Protein chains: 2
Amino acid sequence: MRKTFLFLDTIINKVDAKGRVSLPSDYRAIVKELSTEIVCYRSLTSPCIEGCTEDLLEKLAADIESSTDFFSETQDDLTNLVFGDAKRFSFDSTGRIMLTEKLLKHAEITDTAVFVGKGRKFQIWSLENWTKEEQRLREKIKNNRPSLKAEGNND
Amino acid sequence: MRKTFLFLDTIINKVDAKGRVSLPSDYRAIVKELSTEIVCYRSLTSPCIEGCTEDLLEKLAADIESSTDFFSETQDDLTNLVFGDAKRFSFDSTGRIMLTEKLLKHAEITDTAVFVGKGRKFQIWSLENWTKEEQRLREKIKNNRPSLKAEGNND
DNA sequence: TGGTATAACATGGTATTTTATGGGAATCAA
DNA sequence: TTGATTCCCATAAAATACCATGTTATACCA
C-alpha cells in the first residue's frame with residue numbers, strides 16, 4: 001500500500017477534435033490506487049481548470065459539516081460554487097477524459113492542455129496562459145522567497 | 001522506526017545519451033529503507049537540480065494544507081511552484097534514473113553529473129558549475145566564518 | 001602485510017512494455 | 001436521422017526493464 005499520493009510535474013498533452021485528452025499516467029495511477037474518480041471545476045481565481053480526487057472533495061465536505069469557524073462565510077460561499085461547478089470525469093481504456101465545452105472555454109484551451117501538479121490538486125492550463133503564469137510565479141519568488149517549513153534551511 | 005538518514009558526500013557519475021545516470025548507491029539505500037521515491041526539481045536559486053525523498057514533499061503538502069486554507073492565494077502560488085516542477089524518479093534494477101531534458105538544461109548538464117549531499121536533500125550539478133560553486137562557498141567561509149550553534153569545527 | 005578472490009557498482013547496449021494519440025465502429029439520446 | 005459520446009483497434013514514440021561487461025571497492029587468506 002502506497003503512502004504518498006501527490007499530483008506532480010507539468011505535462012503537456014494534446015486535445016483532439018472530439019475534446020479528448022490523455023490524463024497523465026501518473027495521475028491515473030493515483031486514481032486507480034485510491035479507487036476514486038477525478039473531479040474538475042473552473043478555477044475561481046485563474047483562467048484554468050482545477051481538478052482533484054473525489055476523495056478530497058468529500059474531505060472538504062466533511063470538514064465543513066464538523067466545524068463552523070474553520071471556514072469563514074466567504075469560504076463557505078466559495079465552496080458552494082465549487083461543488084456546484086464540479087463534474088466527475090472517468091477515463092476510458094486508453095486513459096483519456098473528455099473535458100466539457102464550459103471548462104475548455106474558461107481555460108481558453110483549444111488544442112493543447114498543460115497539466116500542472118499541485119500536490120493534492122492539479123490544474124489544466126492552455127499553453128499560453130501557463131507560460132505567463134509560470135513566469136509570474138518565478139518573478140514573485142525572486143523578489144520574495146517563501147520559507148517552506150518542511151524544506152529546512154539551506155545556504 | 002525512523003533510522004537517521006542523510007544524503008552525504010560528493011559523487012561524480014556519467015550521464016549517457018538518453019539522460020540516464022546512476023543514482024549513488026548510498027542514496028539508493030535511503031530510498032529503499034524509507035520505501036519512498038526520489039523527487040527532483042529545478043533549484044529556485046541555483047543552476048542545479050535539487051532532489052529529496054517523496055516523503056519530504058508529502059510532509060510539505062500536509063504542512064501547507066494545515067497552515068493555510070483550501071482557497072488561499074499563498075497556498076496556490078506555493079503549490080504551483082513546488083509540486084508543478086517536481087517529478088518522481090524511480091530507478092531500474094541497475095540503479096539508474098532518467099533525468100528529463102528540462103532538468104538537465106536548467107543545470108547545464110551534458111555528460112557528467114555531480115551529486116552533492118545536503119542532508120535531507122541533495123543537488124545535482126554540472127562539473128563546471130559545481131567547481132565554481134564549491135570555490136565560491138569556500139571563499140565565502142574564509143571571509144566570514146559562520147557561527148554554528150552546534151559548535152561545528154572546520155579544519 | 002601483500003596478494004588474490006569476490007562482490008558491488010557504473011555504464012553501454014538491447015528488448016520489452018507503456019503511453020499518447022489518431023481513426024473508426026458501436027451505442028445512445030434528442 | 002443526426003450529433004454526440006463511448007468503446008475498440010492501430011501505431012509511433014517514449015519510458016522502462018533486462019542483460020553483458022569492465023572497473024572499482026571489499027573481503028578473505030596466507
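Hydrogens, waters and symmetry mates play no part in the numbers below; they use all other heavy atoms, side chains included. Quick caveat: nothing in here was measured; it's all calculated off a predicted structure.
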The helix from dT1(C)-dA30(D) to dA30(C)-dT1(D): angle between end helix axes, five pairs per end, rounded to 10 degrees: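 That helix gives 40° between its end axes.
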According to salt bridge (charged side-chain N to carboxylate O under 4.0 Å, His left out), who are the partners of [X], at least two apart in sequence or on a separate chain?
X       : result
K142(B) : E139(B)
K59(A)  : E65(B)
E58(A)  : none

Partners meeting ring pair (Phe, Tyr, Trp, His ring centres under 6.0 Å) with F115(A) (sequence neighbours left out):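 Residues passing ring pair (Phe, Tyr, Trp, His ring centres under 6.0 Å) with F115(A): none at all.
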Taking only heavy atoms on the protein side, list every residue of residues 9-16 of chain A lying under 4.0 Å from any atom of DNA chain C, sorted numerically.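 Within this stretch, N13(A), K14(A), D16(A) sit under 4.0 Å of the strand.
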Other residues, nucleotides and ligands only: do more than 12 of their heavy atoms fall within 6.0 Å of CZ on R136(A)?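 Above 12, so yes.
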Apply side-chain contact (heavy atoms from CB on, under 4.5 Å) to L34(A) and list each qualifying residue two or more places apart in sequence or on a separate chain.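 Listed in chain order: F5(A), I30(A), T36(A), T53(A), D55(A).
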Which pairs count as side-chain hydrogen bond (donor to acceptor under 3.5 Å, both in side chains) when at least one residue sits in residues 106-116 of chain B, sequence neighbours excluded?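 Qualifying pairs: E108(B)-N129(B).
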Can I get a per-line list of side-chain donor-acceptor pairs under 3.5 Å for residues 81-96 of chain A, giving both atom names and the distance, sequence neighbours left out?
unit_1, atom_1, unit_2, atom_2, d
D85(A), OD1, R42(A), NE, 3.2
D85(A), OD1, R42(A), NH2, 2.8
D85(A), OD1, K102(A), NZ, 3.0
D85(A), OD2, R42(A), N, 2.8
D85(A), OD2, R42(A), NE, 3.0
R88(A), NE, E54(A), OE1, 2.9
R88(A), NE, E54(A), OE2, 3.4
R88(A), NH2, E54(A), OE2, 3.0
D92(A), OD1, T94(A), N, 2.9
D92(A), OD1, T94(A), OG1, 2.8
D92(A), OD1, G95(A), N, 3.0
D92(A), OD1, R96(A), N, 3.0
T94(A), OG1, R96(A), NE, 3.3

Exercise answer: donor-acceptor pairs, residues 14-23 of chain A side-chain atoms, under 3.5 Å, sequence neighbours excluded:
unit_1, atom_1, unit_2, atom_2, d
D16(A), OD1, K18(A), N, 2.9
D16(A), OD1, G19(A), N, 3.1
D16(A), OD1, R20(A), N, 2.9
D16(A), OD2, R20(A), NE, 2.7
D16(A), OD2, R20(A), NH2, 3.0

Mind listing the N/O atom pairs, protein and nucleotides 7-12 of chain D, below 3.5 Å?
unit_1, atom_1, unit_2, atom_2, d
dC7(D), N4, R20(A), NH1, 3.2

With a 4.0 angstrom cut-off to heavy atoms of chain B, pull out the first and last contacting nucleotide of DNA chain C, in 5'-to-3' order.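 Result: dC9(C) to dT14(C).
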